[in-house]
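Everything numeric in this text was worked out from a predicted model, so none of it was measured.
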Amino acid sequence: MVPLVAVVSGPRAQLFACLLRLGTQQVGPLQLHTGASHAARNHYEVLVLGGGSGGITMAARMKRKVGAENVAIVEPSERHFYQPIWTLVGAGAKQLSSSGRPTASVIPSGVEWIKARVTELNPDKNCIHTDDDEKISYRYL
């Protein structure tokens, strides 16, 4: 596997990659939650909470870095709305219907879509709980 630092470019991306390599070591006031996985029914290298434009973009980027089978998005909604277009809707330049589409159509291929709501977030144990009583662990959130 190619080191993450080798596949990213730019000072911000390199800083992020460096922080990821540090794991749970203390970095000034910032502490990353990247401890070893624990016993859980489901585990992902990267778990994205929320299937909005930001979550979809992050999942697609992380898919390229760690592989699609290692990335999941937790999003309960069947319909995805591209909210930045709403300013044009308000101005009368676009129709509201043009801002929505099925969530399944925007999830990156190969990335798992977990159709549930997060009910509990436990960063000390690197896991979340969903409204359907699933416990999902992650390495990076």
TODO: Kindly compute the distance separating CG (Leu141) from CG (Leu121), expressed to the nearest 0.5 Å.
DONE: 6.0 Å
Open item on the list: I'd like to know if the side chain of His43 pairs up with that of Ser137 as donor and acceptor (distance under 3.5 Å, no hydrogens or angles considered).
Closed with: yes
- [ ] Using atom types as modelled and distance alone, determine if a side-chain donor or acceptor of Arg79 lies under 3.5 Å from a backbone N or O of Gly100.
- [x] yes
- [ ] State, to 0.1 Å, how close Ala59 and Ile73 come at their nearest heavy-atom pair, and which atoms those are.
- [x] CB-CD1, 3.5 Å
Open item on the list: Is there a path of hydrophobic side-chain contacts, each under 4.5 Å between heavy atoms of I/L/V/M/F/W/Y residues, joining Val66 to Trp113?
Closed with: yes
Task: Inter-residue atom distance Arg61.CZ - Ile56.CD1, 0.5 Å rounding - done: 13.5 Å
- [ ] May I ask you to decide if Asn70's main-chain N or O and Lys63's side chain share a donor-acceptor pair within less than 3.5 Å?
- [x] no
- [ ] Could you tell me whether the side chains of Ser99 and Trp86 share a donor-acceptor contact shorter than 3.5 Å?
- [x] yes
TODO: Could you check if a side-chain atom of Ser53 sits within less than 4.5 angstrom of a side-chain atom of His80, using non-hydrogen atoms only?
DONE: yes
TODO: Determine whether Ile85 and Leu96 fall in the same hydrophobic cluster, where Ile, Leu, Val, Met, Phe, Trp and Tyr are linked whenever their side-chain heavy atoms lie under 4.5 Å apart.
DONE: yes
Open item on the list: Nearest 0.5 angstrom please: Ile107 CD1 to Lys115 NZ, how far?
Closed with: 9.5 Å
Open item on the list: Quick one about Gln95 and Ser97 (side-chain donor to acceptor, distance below 3.5 Å, no hydrogens or angles considered), yes or no?
Closed with: no
Open item on the list: Tell me the closest heavy-atom pair linking Ala68 and Ser109, and the distance in Å.
Closed with: CB-O, 4.0 Å
TODO: Can you see which heavy atom on Ala116 is nearest to which on Asp132, and at what distance?
DONE: CB-OD1, 4.0 Å
Open item on the list: Before you tell me yes or no, could you show the steps for Val106 and Arg101 under side-chain contact (heavy atoms from CB on, under 4.5 Å), namely the whole-Å CA-CA distance, both residues' side-chain angles and the distance that decides it to 0.1 Å?
Closed with: CA-CA 8 Å; Val106 295; Arg101 58 188 51 174; 3.5 Å; yes
TODO: Using atom types as modelled and distance alone, determine if a side-chain donor or acceptor of Thr130 lies under 3.5 Å from a backbone N or O of Val118.
DONE: no
Open item on the list: Within the structure provided, determine whether Ile114 and Leu47 are in side-chain contact (heavy-atom separation under 4.5 Å).
Closed with: yes
- [ ] Drop me the distance from Arg117's CZ to Leu49's CG, to the nearest 0.5 angstrom.
- [x] 13.5 Å
TODO: Keeping the roles fixed (side chain from Ser98, backbone from Lys94), state whether a donor-acceptor pair exists under 3.5 Å.
DONE: no
Task: Full working for side-chain contact (heavy atoms from CB on, under 4.5 Å) between Asn126 and Tyr140 - done: CA-CA 8 Å; Asn126 286 31; Tyr140 300 107; over 6 Å; no
TODO: To the nearest 0.5 angstrom, please state how far the NE2 atom of His129 sits from the CG atom of Asn122.
DONE: 6.5 Å
Open item on the list: Measuring from atom CG of Asn42 to atom OH of Tyr138, what distance do you get when rounded to the nearest 0.5 angstrom?
Closed with: 14.5 Å
- [ ] State, without any angle test, whether Glu112 and Tyr44 hold a side-chain donor-acceptor pair at a distance under 3.5 Å.
- [x] yes
